[in-house]
Amino acid sequence: MDHAADTNRTDLMTITRFVLNEQSKYPESRGDFTILIGNIVLGCKFVCSAVNKAGLAKLIGLAGETNVQGEEQKKLDVLSNEVFVKALVSSGRTCLLVSEEVEEAIFVPPSQHGKYIVVFDPLDGSSNIDCGVSIGTIFGIYMVKDKDNVTLDDVLQPGNKMLAAGYCMYGSSCTFVISTGNGVNGFTLDPSLGEFILTHPDIKVPRKGKIYSVNEGNAKNWDEPTTKYVENCKFPQDGSAPKSLRYIGSMVADIHRTLLYGGMFMYPADIKSPNGKLRLLYEVFPMSYLMEQAGGQAFTGKERALDLVPSHIHERSPVFLGSYEEIEHIKELYAACYANGA
């Protein structure tokens, strides 16, 4: 990248301009989606600011409550959830919200009704706040069937029905990655402008990768295909170089690296968590959507991740996300395992 030239650029592609350009491709559009994305971006800017000054503002530490997952809530978790709920409701474009931090789905008052459903994890990786590791916000957007008759079933749709998905990563820089069904694009927040600028256009995950990402602390509980895949990463039988292990423990950060560099991120089912650990609606689905839009794949160990139909809003699922050929490899291992009756 030519940083010297970049400092003199005046024709910057901001995220607002980018979404408006996308909107112009649909003459029937009334701008509702653009307004919704604008409010999500505003929420991300607010949380980014809070994360950056968390220590000074005494936002680090426990809020003294636990969320629906039974995890102790950080003060930033509580703040982030409130920010996004208020931003989404006040947009006037949503009718139903599902947050990781709230046990029940949130039905928007009729006076502020819109046609979109938003599922989100307001602050993924929050256990890493105190040590400064990258954390982030994950979101997915659906269309409601009938905005005048909204039910919980409207959000229990397979991931392949999503209109858009994305995440915002708060780290050494603030990066916003989004797909509206036409590829994946990444934007970086310029603090001096207060704007997200397009820095990673049309992200394509490499077809094969040299990195695998998994919590090896769970290795004794893995199934046979996962064990074989990781063993092959370390001791390849084809004479190729071993893969590198990179595991941050913050899904946003691990997926961001996988999108850019390729490889595999996995959180498989195991003896301790037979249904997996990651939440389907607001973690697995959005990240699977992005990975497929970037040319990769998302697999549960049994089927395409986006084809799952959730039965409740906080359902969990195993997932393998990454480069096309890496997912093909894990598919072959599972197919062989099932063929042997394991």
Side-chain angles (χ1 to χ4, degrees), residues 69 156-160 162 205-251 254-255 257-259 261-312 314-342:
Q69 313 301 336
L156 299 177
Q157 302 184 52
N160 56 39
M162 274 187 172
V205 60
R207 280 188 65 85
K208 195 167 184 178
K210 299 178 181 177
I211 297 171
Y212 71 103
S213 183
V214 65
N215 183 354
E216 289 216 43
N218 295 326
K220 72 173 185 177
N221 297 319
W222 287 343
D223 59 20
E224 183 183 327
T226 304
T227 301
K228 283 186 174 180
Y229 179 84
V230 172
E231 187 74 9
N232 190 63
C233 287
K234 297 177 178 180
F235 308 101
Q237 301 298 306
D238 60 2
S240 61
K243 296 185 189 298
S244 297
L245 169 65
R246 297 285 185 273
Y247 183 68
I248 299 167
S250 171
M251 189 186 189
D254 279 314
I255 292 296
R257 184 200 58 247
T258 305
L259 275 173
Y261 302 153
M264 167 95 83
F265 167 84
M266 48 187 150
Y267 216 115
D270 58 32
I271 295 171
K272 191 170 66 173
S273 303
N275 296 318
K277 186 177 179 184
L278 298 176
R279 270 68 66 163
L280 189 59
L281 265 182
Y282 40 80
E283 292 178 325
V284 172
F285 278 169
M287 293 308 199
S288 298
Y289 184 93
L290 290 167
M291 196 61 70
E292 287 197 3
Q293 285 291 319
Q297 295 191 76
F299 180 60
T300 66
K302 294 182 178 179
E303 60 189 303
R304 177 189 179 209
L306 290 179
D307 288 340
L308 284 174
V309 181
S311 57
H312 58 88
H314 296 297
E315 186 172 337
R316 298 173 189 260
S317 172
V319 71
F320 299 84
L321 292 152
S323 297
Y324 191 92
E325 292 186 21
E326 299 302 329
I327 301 296
E328 285 297 300
H329 185 193
I330 198 75
K331 282 181 178 178
E332 290 169 5
L333 291 172
Y334 271 99
C337 183
Y338 294 142
N340 293 332

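- Between H314 and Y282 the shortest side-chain heavy-atom distance falls below 4.5 Å.
- Closest approach of S213 and R246 over heavy atoms only: OG-O, 2.7 Å.
- Among residues two or more places apart in sequence or in another chain, the side-chain hydrogen bond (donor to acceptor under 3.5 Å, both in side chains) test is passed with Q157 by none.
- Salt bridge annotation for E328-K331: present, with a cationic side-chain nitrogen under 4.0 angstrom from a carboxylate oxygen.
- When all heavy atoms of K234 and P242 are compared, the closest pair comes out as O-CB, 3.5 Å.
- To the nearest 0.5 angstrom, Q297 atom CD is 10.0 Å from S323 atom OG.
- Distance SG/C233 to CD1/I211: 11.0 Å, rounded to 0.5 Å.
- For the atom pair L333 CG and T226 OG1, the distance stands at 8.5 Å (nearest 0.5 Å).
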Residues R316, S273; criterion side-chain hydrogen bond (donor to acceptor under 3.5 Å, both in side chains); working and verdict
CA-CA 9 Å; R316 298 173 189 260; S273 303; over 6 Å; no

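- Relative orientation of the F265 and Y247 rings is parallel, given thresholds of 30° and 60° on the angle between their planes.
- Formation of a donor-acceptor pair under 3.5 Å by the K243 side chain with backbone atoms of G209 is found in this model.
- No donor-acceptor distance shorter than 3.5 angstrom exists from the side chain of E231 to the backbone of T227, with no hydrogens or angles considered.
- Shown are M287, Q293, E292; of these, the side-chain contact (heavy atoms from CB on, under 4.5 Å) with Y289 is made only by Q293.
- Here the side chains of T258 and M291 are in contact, with some heavy-atom distance below 4.5 Å.
- Taken to the nearest 0.5 Å, the CG atom of N215 stands 13.0 Å off from the CD1 atom of I248.
- For the pair D254 (side chain) and G249 (backbone), a donor-acceptor distance under 3.5 Å is present.
- Between L156 and H312 the shortest heavy-atom distance is CD2-C, 3.8 Å.
- In this structure, the separation between CD1 on I330 and CE on M264 is 5.0 Å, given to the nearest 0.5 Å.
- Side-chain contact between C337 and D223 is absent, with no heavy-atom pair separated by less than 4.5 Å.
- Tested against F320, the residues Y212, Y267, Y229, Y334 include a single ring pair (Phe, Tyr, Trp, His ring centres under 6.0 Å) partner, Y334.
- Shortest non-hydrogen contact noted between V205 and G296 is CG1-N, 3.3 Å.
- Across every non-hydrogen atom of A305 and T300, the tightest pair is CA-CG2, 3.6 Å.
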Intermediate values then yes/no, side-chain contact (heavy atoms from CB on, under 4.5 Å), F299 and V319
CA-CA 6 Å; F299 180 60; V319 71; over 6 Å; no

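- V284 and L278 make their closest contact through CG2-CB, 3.9 Å (heavy atoms, listed as atom of the first residue, atom of the second, distance).
- Between the CD atom of E315 and the CG atom of N275 there is a distance of 7.5 Å, given to the nearest 0.5 Å.
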